[in-house]
Amino acid sequence: MERADVAIIGGGLVGCATAWQLARKGASVVLVEAGDINAGASGQNAGSLHFQIERRFLENGDALAEQGAQIVALSRHAVIDWRTIEQELGTDLHVAMDGGLMVAETAEQVALLETKAARESHEGLAVRTLDGDEARAIAPYLSPGILAANFSADEGHADPRAITPALAEAIKREGATVRTGTRVQTIAREGGRFVIRGDGLALSADQLLVAAGAWSADICALINIHMPIYPVALLMNATERVPPMVPHLVQHVGRRLSLKQTHAGNLLIGGGWPSRLAQTSNGGFDLSAKAQMIPESLTGNLLAARDVVPGVTRLNLIRSWTGVTAITSDQLPIVGPVPRMPGLWVAAGGSAFTLGLTFARLMADAMMGGDADELSLLSPARFEHLNGFMG
């Protein structure tokens, strides 16, 4: 049986980044991925680096908005992690951090921007509130209908198709093992260690990290642990390539919109518009099948983009696609150790691209004997009550 200090299930950004950080610190690591590296949400998302409080935290009441504000402390770390990752990996990942705008079109939305900016400033994130004319002075592509915007100088985007494969290569250089095409079938506790078996796999490890995105709840179930992580299917769109047009990450405080221009010149348009998950014959969700696009989502997404950046109406839409990600029952990510089962760690449930490098670095430090205090807000401990009858 193969032995390791840490086993990691999931070959996305968080799994690969954590394996890299651990291997750099001298730990023996085996990363197991059921499919290919970066085949899930880590490679299907738009690559936004959104350090401002996300719209999804703002549209569901003050309590959730306050929780979203507390994540800003991790965003400050993430700014540094993203600004240094290309140098650390020695490769071009098309990281562009030229600033981000969260815009408003109504007086009610402007008030929400102001409240959001106050929360962010309290948490130490530098955000400026601009009126419409000030916003258009730095972003002339914005519509005359934009009344105000929050501007964060550190926001931007990176290439989601480049970062995780680069981390996987770095893992191998550090001497860690990467096993793709290896589906985990059983996990057991034997002699205080985790014994993981699957397709040609027999692995024993002191610690186990589950970072399998939308599949994380199913992986945790293999070891008799409930984790409230739920799959969601989202829509993304890409236009034809055009000369530099939108240098910023653009989001909306009251509508579902995320828009940016890639290094290659395409505009990526998304923002959380739903698609329909495929279903199994017994009525469950089939995460291995492609999600179905909802026509109203496509229309709504493109209308939001048109209203904020009118210039998109001149561009051809060349591709729309769906991808499956995961959210938790309270919208906050789940990141950290599971108190009920020492040695078990979970990282899933949102913000995993923007904050993924930071999650990985903090977890690796804690796994090697440091503390996990900075992850306490996101700890799986907040769901311990779900496992009180699991034994």
Side-chain angles (χ1 to χ4, degrees), residues 41 44-61 64-65 67-68 71 100-113 115-116 135 139 141-143 145-150 152 155-157 160 214 230-239 246 248-262 266-277 291-313 315 317 319-328 330-333 349-354:
Q44 296 171 345
N45 73 92
S48 298
L49 303 178
H50 46 72
F51 304 119
Q52 297 184 62
I53 301 171
E54 296 178 65
R55 175 202 54 78
R56 64 191 176 97
F57 289 114
L58 302 171
E59 65 182 4
N60 290 299
L64 192 59
Q67 287 183 321
I71 298 181
L101 292 151
M102 185 171 281
V103 302
E105 296 178 277
T106 68
E108 182 180 10
Q109 291 169 0
V110 172
L112 190 57
L113 280 183
T115 301
K116 179 184 78 73
Y141 53 81
L142 289 176
S143 162
I146 299 302
L147 298 183
N150 283 162
S152 170
E155 289 190 311
H157 51 87
Y230 306 99
V232 293
L234 300 177
L235 170 70
M236 280 299 308
N237 306 285
T239 74
V246 180
H248 308 108
L249 170 64
V250 181
Q251 300 176 91
H252 201 295
V253 73
R255 300 172 69 179
R256 296 185 179 190
L257 179 65
S258 171
L259 186 150
K260 80 284 295 176
Q261 188 166 16
T262 68
N266 311 86
L267 266 64
L268 297 185
I269 303 169
W273 288 86
S275 296
R276 193 178 306 281
L277 288 165
Q292 179 183 355
M293 183 187 298
I294 298 173
E296 292 81 5
S297 287
L298 176 61
T299 302
N301 200 180
L302 298 181
L303 286 174
R306 178 205 65 183
D307 291 346
V308 173
V309 182
V312 301
T313 59
L315 307 181
L317 184 68
R319 183 185 175 213
S320 298
W321 70 96
T322 61
V324 178
T325 185
I327 59 169
T328 68
D330 65 359
Q331 290 273 13
L332 293 176
S351 303
F353 191 83
T354 296

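The first residue in the sequence is number 1, and the count goes up from there.
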> So, does His157 use its side chain to make a donor-acceptor pair with the main chain of Gln261 at under 3.5 Å?
yes
> Once rounded to the nearest 0.5 Å, what's the spacing between atom CD1 of Ile294 and atom OG1 of Thr299?
11.5 Å
> With rounding to the nearest 0.5 Å, note down the distance linking CG in Leu303 to CD in Glu296.
12.0 Å
> Without hydrogens or angle criteria, can the side chains of Gln44 and Thr325 be said to hold a donor-acceptor pair below 3.5 Å?
no
> Looking only at heavy atoms, which two atoms of Val250 and Tyr141 are closest? And how far apart?
CG2-OH, 3.6 Å
> Taking all heavy atoms of Ala214 and all of Ala326, pick out the closest pair and write down the distance.
CA-CB, 3.7 Å
> Picking from Glu54, Glu108, Gln109, what satisfies side-chain contact (heavy atoms from CB on, under 4.5 Å) with Val253?
Gln109
> Who passes ring-ring contact (aromatic ring centres under 6.0 Å, His included) against Phe51, sequence neighbours left out?
none
> Side chains of Ser143 and Asp307, heavy atoms from C-beta outward: is any pair under 4.5 Å?
no
> Are the side chain of Thr354 and the backbone N or O of Ser48 linked by a donor-acceptor pair below 3.5 Å?
yes
> Report yes or no: does Thr313 contribute a side-chain atom to a donor-acceptor pair with the main-chain N or O of Pro310 at less than 3.5 Å?
yes
> Rounded at 0.5 Å granularity, tell me how far CG in Asn301 sits from CE in Met236.
7.5 Å
> For residues Ala104 and Val110, report the shortest heavy-atom separation together with the two atoms involved.
CB-N, 3.7 Å
> Roughly how far apart are Arg276 CZ and Leu235 CG, rounded to 0.5 Å?
13.0 Å
> Do Ile269 and Thr239 come close enough that some side-chain heavy atom pair is under 4.5 Å?
yes
> Should Val103 and Gln251 count as side-chain neighbours, where that means a heavy-atom distance under 4.5 Å?
no
> Is any side-chain heavy atom of Leu259 less than 4.5 Å from a side-chain heavy atom of Val308?
no
> Report yes if the side chains of Leu249 and Leu101 come closer than 4.5 Å at any heavy-atom pair, otherwise no.
no
> State, to 0.1 Å, how close Thr322 and Ser275 come at their nearest heavy-atom pair, and which atoms those are.
CG2-OG, 3.1 Å
> Are the side chains of Pro274 and Arg256 in contact, using a 4.5 Å heavy-atom criterion?
yes
> Please report the shortest heavy-atom distance between Trp321 and Asn237, naming the atom on each side.
CZ3-C, 4.0 Å
> What is the minimum heavy-atom distance between Asn45 and Pro160, and which atoms define it?
O-CG, 3.3 Å
> Knowing that exactly one of Gln52, His248, Lys260, His50 qualifies, which makes a side-chain hydrogen bond (donor to acceptor under 3.5 Å, both in side chains) with Glu155?
Gln52
> Sub-3.5 Å donor-acceptor pair from the side chain of Asn266 to the main-chain atoms of Thr262, do we have one?
no
> From Leu302 CG over to Ser320 OG, what is the distance, rounded to the nearest 0.5 angstrom?
6.5 Å
> So, Ser297 side chain and Met293 main chain: donor-acceptor pair closer than 3.5 Å or not?
no
> Using salt bridge (charged side-chain N to carboxylate O under 4.0 Å, His left out) as the criterion, list what pairs up with Lys116, not counting sequence neighbours.
Glu120
